[in-house]
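One structure below.
Just so you know, these numbers use all the heavy atoms, side chains as well, and skip hydrogens, waters and symmetry mates. From a predicted model like this one, the values you see are computed outputs, not experimental measurements.
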Amino acid sequence: VEGYVESAAMGIYVGCILAARAQGLAWTAPPRATAYGSLLSHLQDDTDREFAPMNINWGILPNPQPEVRKKDERRVAKIEIARARFEEWKSQLVC
């Protein structure tokens, strides 16, 4: 990833994985609709292209379904979905 916030977020993410492993607990990856999930999806993308680090941005978050045509409304929908999925995922965390 690229950026201070993104790098710190990935460090926290790895720390949580290690904490879960140390306690013998299962780890669940964040949903794709979240910022964490979107950044991880970018990092794991095996498309044949030159890799470039990425900041979090609207373009890597999945589009809401059904499709929202207006950009401002689409962004609102993306953030609402991301927050809801993050809260669901966060409630399962062990760290």
Side-chain angles (χ1 to χ4, degrees):
V1 297
E2 184 173 53
Y4 295 114
V5 171
E6 294 84 350
S7 296
M10 287 298 120
I12 292 167
Y13 179 76
V14 170
C16 288
I17 292 172
L18 294 174
R21 283 186 185 173
Q23 296 173 53
L25 301 171
W27 179 259
T28 303
R32 171 71 173 82
T34 65
Y36 269 126
S38 291
L39 285 170
L40 290 169
S41 178
H42 172 72
L43 292 171
Q44 297 169 347
D45 183 1
D46 61 359
T47 303
D48 188 24
R49 62 178 165 74
E50 187 174 326
F51 177 79
M54 179 75 66
N55 294 83
I56 188 63
N57 64 74
W58 294 111
I60 68 172
L61 290 168
N63 286 321
Q65 297 300 319
E67 182 180 348
V68 178
R69 298 187 63 76
K70 292 183 179 180
K71 184 164 71 171
D72 290 344
E73 292 175 9
R74 187 170 52 247
R75 286 181 174 177
V76 168
K78 283 183 177 189
I79 197 67
E80 288 174 351
I81 293 167
R83 285 179 176 160
R85 299 300 174 274
F86 184 81
E87 288 301 320
E88 292 167 6
W89 178 68
K90 187 176 76 168
S91 71
Q92 302 168 9
L93 293 180
V94 296
C95 64

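Note that the CD1 atom of I79 and the CG atom of L61 stand 7.0 Å from one another [nearest 0.5 Å]. Note that OG of S41 is 10.5 Å distant from CE of M54, once rounded to the nearest 0.5 Å. Taking CD1 of I17 as the start and CG of L25 as the end, the distance is 13.0 Å to the nearest 0.5 Å. For the atom pair CD1 of I56 and CD of E6, the computed distance is 7.0 Å after rounding to the nearest 0.5 Å. Once rounded to the nearest 0.5 Å, the distance linking CZ of F86 with OG of S91 reads 10.5 Å.
By the 6.0 Å contact criterion, CZ on R75 is enclosed, its count of non-hydrogen atoms from other residues, nucleotides or ligands being greater than 12. Within 6.0 Å of the CZ atom in F51, the count of heavy atoms belonging to other residues, nucleotides or ligands exceeds 12.
The hydrophobic cluster containing V5 does not contain L43, counting ILVMFWY residues as joined when their side-chain heavy atoms lie under 4.5 angstrom apart, directly or transitively.
Judged by distance alone, the side chain of R74 and the main-chain N or O of R69 form a donor-acceptor pair under 3.5 Å.
Within the 4.5 Å cutoff, the side chain of V1 has no heavy atoms near those of the H42 side chain. Counting only heavy atoms from C-beta outward, the side chains of I81 and K78 never approach each other to under 4.5 Å.
Residue A77 comes nearest to P64 through the heavy atom pair CB-CG, 3.7 Å, listed as atom of the first residue, atom of the second, then distance. Closest non-hydrogen pair, S38 versus P62, comes out as OG-CD, 3.7 Å.
Ring orientation note: the planes of W27 and W89 are nearly perpendicular, at an angle over 60° on the 30°/60° scale.
The pair R83-E80 fails the salt-bridge criterion, with no side-chain N (NZ, NE, NH1 or NH2) lying under 4.0 Å from an Asp/Glu carboxylate O.
Residue pairs satisfying the salt bridge (charged side-chain N to carboxylate O under 4.0 Å, His left out) criterion with at least one member in residues 45-60, sequence neighbours excluded, are listed as follows: D45-R49.
A donor atom on one side chain and an acceptor atom on the other are not found under 3.5 Å apart for R85 and T34.
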- Message: Applying side-chain contact (heavy atoms from CB on, under 4.5 Å) to Y13 and L39, what does each step give before you reach the verdict?
- Response: CA-CA 11 Å; Y13 179 76; L39 285 170; over 6 Å; no

- Item | Working for side-chain contact (heavy atoms from CB on, under 4.5 Å), residues M10 and V14 | CA-CA 6 Å; M10 287 298 120; V14 170; 5.5 Å; no

